[in-house]
Amino acid sequence: MKALAIAATLLVASGSAFAADLPPAPAPVLKAVAYVPAFSWTGLYLGGQVGYSWGDAESSLSLPGLPDYLSASGSPNGVFGGGFAGYNYQFASNLVVGIEADINGGSLDSSGSVSSIFGPAAWEVSAKHELQWFGSVRARVGYAFDRFLPFVTAGYAFGSVESSFMAPGDRVSPSESVSGWTVGGGLEYAVTDNILARIEYRYTDYGDVSSLLPYYSNLTVNQSYSTNDLRLGLSYKF
């Protein structure tokens with residue numbers, strides 16, 4: 001028994017001495033976690049867009065004190081392109097507000113059917129409606145889900161329209177500036193910290209405008225236009 005105890009003591013002592021000779025265990029390595037700040041929509045941006053527009057147009061010819069004796073309707077449509085610029089500000093609550101302006105041009109026209117208060121016209125008359133260029137200045141409000149921004153927009157719209165009445169050997173075709181309102185919404189996505197992509201729908205009412213033509217015995221041409229359009233845009237955020 002005494003020999004057993006002596007052996008155990010020697011074993012423990014030798015183990016302790018062996019452990020003392022071992023190198024210390026390496027300290028645990030802490031991996032640094034990179035901090036990625038949340039994307040902010042605050043800033044100035046500039047971009048371009050393409051889209052497709054379809055709408056309704058009404059026009060008529062009248063003389064002072066008399067009802068419209070010729071009227072026409074059409075559905076101007078076509079592809080357009082243009083540019084836009086704006087500024088966004090993002091609050092701590094992720095609410096984003098901004099202001100934006102855009103200007104566009106394209107071939108948005110259609111032929112219209114002509115009717116008369118006197119029944120079928122006694123001469124061949126055709127009509128054409130065209131939205132020559134258009135733009136807007138609007139407010140935007142959205143809510144940011146990091147890099148996604150659903151938004152609504154509304155504001156002032158303006159443009160230039162032309163309604164033509166054509167008969168053999170004659171043509172009445174005044175161009176007029178129009179103004180009205182526009183409203184819509186869409187979704188924007190920050191592809192990178194500087195590149196933004198969007199899809200947007202807008203409805204625009206350009207109101208009514210009348211053109212007095214003194215050289216046609218005070219003939220008046222009345223015009224009204226409204227449009228729907230779908231836009232795809234790409235912009236650079238500074």
Side-chain angles (χ1 to χ4, degrees), residues 47-64 67-86 98-115 125-141 151-166 171-186 198-214 216 218-233 235:
Q49 61 188 354
V50 294
Y52 183 80
S53 180
W54 66 100
D56 294 300
E58 302 286 341
S59 58
S60 63
L61 296 179
S62 63
L63 290 170
D68 298 341
Y69 69 89
L70 282 180
S71 59
S73 60
S75 301
N77 63 89
V79 176
F80 65 88
F84 59 90
I99 187 168
E100 183 177 290
D102 68 283
I103 190 75
N104 309 276
S107 180
L108 310 181
D109 55 31
S110 72
S111 297
S113 57
V114 180
S115 60
V125 180
S126 61
K128 181 179 178 180
H129 300 93
E130 182 179 6
L131 179 58
Q132 298 170 321
W133 60 266
F134 53 98
S136 68
V137 178
R138 296 164 286 104
R140 299 204 318 159
V141 179
F151 65 89
V152 293
T153 184
Y156 172 73
F158 53 88
S160 178
V161 299
E162 181 178 280
S163 294
S164 303
F165 286 87
M166 295 159 286
R171 177 184 177 117
V172 177
S173 185
S175 293
E176 282 291 342
S177 297
V178 290
S179 62
W181 54 272
T182 184
V183 63
R198 67 165 66 172
I199 183 170
E200 180 182 9
Y201 164 80
R202 292 249 297 278
Y203 173 79
T204 306
D205 188 331
Y206 292 100
D208 303 321
V209 63
S210 296
S211 308
L212 180 62
L213 308 177
Y216 274 97
N218 291 323
L219 183 69
T220 298
V221 181
N222 308 294
Q223 306 179 67
S224 64
Y225 282 72
S226 64
T227 60
N228 301 270
D229 55 65
L230 189 64
R231 306 161 181 241
L232 296 175
S235 63

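Positions are given from 1, in the same order as the sequence printed here.
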Enquirer: Pair V178, Y225 - check side chain to side chain contact (heavy atoms under 4.5 Å, CB included), show working.
Expert: CA-CA 9 Å; V178 290; Y225 282 72; 5.7 Å; no
Enquirer: Between CD of E176 and OH of Y206, what distance do you get to the nearest 0.5 Å?
Expert: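 Result: 15.5 Å between the selected atoms.
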Enquirer: Looking only at non-hydrogen atoms, find the nearest pair between P76 and S110 and report the distance.
Expert: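 Smallest heavy-atom distance, with atoms named: N-OG, 3.4 Å.
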Enquirer: Are the side chain of Y201 and the backbone N or O of N228 linked by a donor-acceptor pair below 3.5 Å?
Expert: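 It does not hold such a pair.
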Enquirer: My understanding is that only one of S224, S71, S226, S163 makes a side-chain contact (heavy atoms from CB on, under 4.5 Å) with E58; could you say which?
Expert: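 Only match with E58 under side-chain contact (heavy atoms from CB on, under 4.5 Å): S224.
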Enquirer: Of the non-hydrogen atoms in Q223 and S211, which two are nearest, and what is the gap between them?
Expert: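 Smallest heavy-atom distance, with atoms named: NE2-OG, 4.1 Å.
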Enquirer: Check step by step if side chain to side chain contact (heavy atoms under 4.5 Å, CB included) holds for V161 and F134.
Expert: CA-CA 9 Å; V161 299; F134 53 98; over 6 Å; no
Enquirer: To the closest 0.5 Å, what do you measure between NE2 (H129) and OG (S73)?
Expert: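 Separation between the atoms: 7.0 Å.
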Enquirer: Keeping D205 on the side-chain end and G207 on the backbone end, is there a donor-acceptor pair under 3.5 Å?
Expert: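 Pair found, side chain donor or acceptor close to backbone of G207.
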Enquirer: So, for P174 and L213, which heavy atoms are closest and what is the spacing to 0.1 Å?
Expert: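 What the structure gives for the nearest pair is CB-CD2, 4.4 Å.
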Enquirer: Considering only heavy atoms from C-beta outward, does the side chain of L61 approach that of T220 to under 4.5 Å?
Expert: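 No, side chains not in contact.
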Enquirer: Give, for atom OG of S136 and atom CG of N104, the distance between the pair rounded to the nearest 0.5 Å.
Expert: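 Between atom OG of S136 and atom CG of N104 there are 7.5 Å.
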Enquirer: Are D102 and E200 side-chain neighbours, meaning at least one heavy-atom pair lies under 4.5 Å?
Expert: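 No. Closest side-chain heavy atoms not under 4.5 Å.
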Enquirer: Which atom names give the shortest non-hydrogen contact between R171 and S164, and what distance separates them?
Expert: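 Smallest interatomic distance, heavy atoms only, reads NH2-OG, 3.3 Å.
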Enquirer: With F80 as reference, evaluate V50, D229, L131 under the side-chain contact (heavy atoms from CB on, under 4.5 Å) test and give the passing residue.
Expert: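 Option passing the side-chain contact (heavy atoms from CB on, under 4.5 Å) with F80: D229.
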Enquirer: Just how far is it from atom CG of L230 to atom CD of Q49, taken to the nearest 0.5 Å?
Expert: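 Answer for the CG-CD pair, L230 versus Q49, is 11.0 Å.
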Enquirer: Strictly below 4.0 Å, N to O, side chains only: are R231 and E100 in salt-bridge contact?
Expert: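 So R231 does not pair with E100 through a salt bridge.
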Enquirer: Return the minimal non-hydrogen interatomic distance between L212 and N218, and the atom names on each side.
Expert: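 Looking at all heavy atoms of both residues, the shortest contact is CD1-O, 3.5 Å.
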Enquirer: D56 and S75: side chain to side chain contact (heavy atoms under 4.5 Å, CB included), yes or no, with the steps?
Expert: CA-CA 5 Å; D56 294 300; S75 301; 4.0 Å; yes
Enquirer: Which distance, rounded to the nearest 0.5 Å, do you find between the CG of L108 and the CG of N77?
Expert: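 Answer for the CG-CG pair, L108 versus N77, is 7.5 Å.
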Enquirer: Are any of the side-chain heavy atoms of D109 and E162 separated by less than 4.5 Å?
Expert: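 Contact flag for D109/E162 side chains = no.
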Enquirer: Please find the pair of heavy atoms, one from F84 and one from G233, that lie closest to each other, and give the distance.
Expert: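 Looks like CE2-CA, 4.4 Å.
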Enquirer: Would you please classify the geometry between the W181 ring and the Y203 ring as parallel, tilted or perpendicular, with 30° and 60° separating the classes?
Expert: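 If you compare the ring of Y203 with that of W181, the planes turn out tilted.
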Enquirer: Is there a side-chain contact between S177 and F158 in this structure, where contact means two heavy atoms from C-beta onward sitting under 4.5 Å apart?
Expert: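 Heavy-atom side-chain distance check fails, nothing below 4.5 Å.
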